[in-house]
Amino acid sequence: MRRQSGLGEDFRRLWAGYAVSAAGSAVGSGALPLIALPTLHASTFRVSLLAGLSAVASAAIALPLGVRIEYRRKRPVMMTAEPTAVTPGPEAAARD
């Protein structure tokens, strides 16, 4: 007889997807600035300024949108937001 999980298959899939997304975000916010130092010959001040400004920009975008997203269906919002989280931002265009 198969044992029934209390949380369900959908929750496990959601949790696994979140874990992968969180790991990717951690690598992006932690390792990429460290790679930029030797590769782009950027100063530590410029890298820390970029990290700080990205946090300010994220807050400026997230706060107004949070109210609107709260009352919508969550799955379409999550499916749209995840690919945009991994695309290069304006800092990639500024390097060219």
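FYI, the numbering just counts along the sequence from 1. Nothing here was measured: the structure is a model prediction, and the numbers come from that model.
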Main-chain N/O of Gly17 paired to Ser21 side chain as donor or acceptor, under 3.5 Å: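 Side chain of Ser21 to backbone of Gly17, a donor-acceptor pair under 3.5 Å: no, none is there.
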Counterpart residues, side-chain contact (heavy atoms from CB on, under 4.5 Å), relative to Leu49 (two or more places apart):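 With sequence neighbours excluded, Leu49 shows a side-chain contact (heavy atoms from CB on, under 4.5 Å) to Phe45, Leu53, given in chain and number order.
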Nearest atoms (heavy-atom pairs only) where Ala59 meets Pro64: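 That would be O-CD, 4.3 Å.
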Geometric class of the Phe11/Trp15 ring pair [parallel <30°, tilted 30-60°, perpendicular >60°]: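 Ring orientation, 0 to 90° scale: parallel.
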